[in-house]
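To start, the structure itself, in structure tokens.
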Amino acid sequence: GAPWHGRGFMTEALGALLAHVFEKRDLSEIRSSAFAGNRASLRVQEKLGFAVTGTADIWSVPRQAMVGAVTTRLTRAAFFAARSIQAEAA
């Protein structure tokens, strides 16, 4: 909820999940998306090293409609580079 917004909890949680996935699986990249206009979700992805790859119309189950989305991609190298920069800044 709102009291937790902007405190970095999602960035930390997603970062831990991505670290686990890249350490345990032989994946070269992960693809994701967020609703167009959802700046908070896109900012979380950006901080973790995701790069915008384009836009798409996707089906939203909660909205029961097609919605615009921003598509993103995270490579293993970009993720670990972003983590390195975050560790140096801490």
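Note that the structure is predicted; figures quoted are calculated from it, not measured.
Annotation: the span from Arg39 atom CZ to Glu46 atom CD amounts to 12.0 Å, rounded to 0.5 Å. Distance check, rounded to the nearest 0.5 Å: CG of Leu14 to CG of Leu48 gives 5.0 Å. Taking CD of Gln45 as the reference point, atom CG of Leu18 lies at 9.0 Å (rounded to 0.5 Å). Note that the CZ atom of Arg73 and the OG1 atom of Thr53 stand 8.5 Å from one another [nearest 0.5 Å].
Under the 4.5 Å side-chain contact rule for hydrophobic residues, Phe79 and Leu27 share a cluster.
Minimum interatomic distance between Ala78 and Gly49 (heavy atoms only, all atoms of both residues): CB-O, 3.7 Å. Nearest heavy atom pair, residue Asp57 against residue Gly68, reads OD1-CA, 3.7 Å. When every heavy atom of Phe22 is checked against every heavy atom of Leu74, the shortest pair comes out as CE1-CD2, 3.8 Å. Counting all heavy atoms, side chain and backbone alike, Val44 lies closest to Met10 at CG1-CG, 4.2 Å.
Looking at Ser32, its side chain never comes within 3.5 Å of a backbone N or O of Thr72 through a donor-acceptor pair. For Gln64 (side chain) and Val61 (main-chain N/O), a donor-acceptor pair under 3.5 Å exists by modelled atom type.
Listed by first and then second residue, the ring pair (Phe, Tyr, Trp, His ring centres under 6.0 Å) pairs involving residues 34-61 amount to none (not counting sequence neighbours).
By the salt bridge (charged side-chain N to carboxylate O under 4.0 Å, His left out) test, Arg31 is found to be paired with Glu29, residues two or more places apart in sequence or in another chain being considered.
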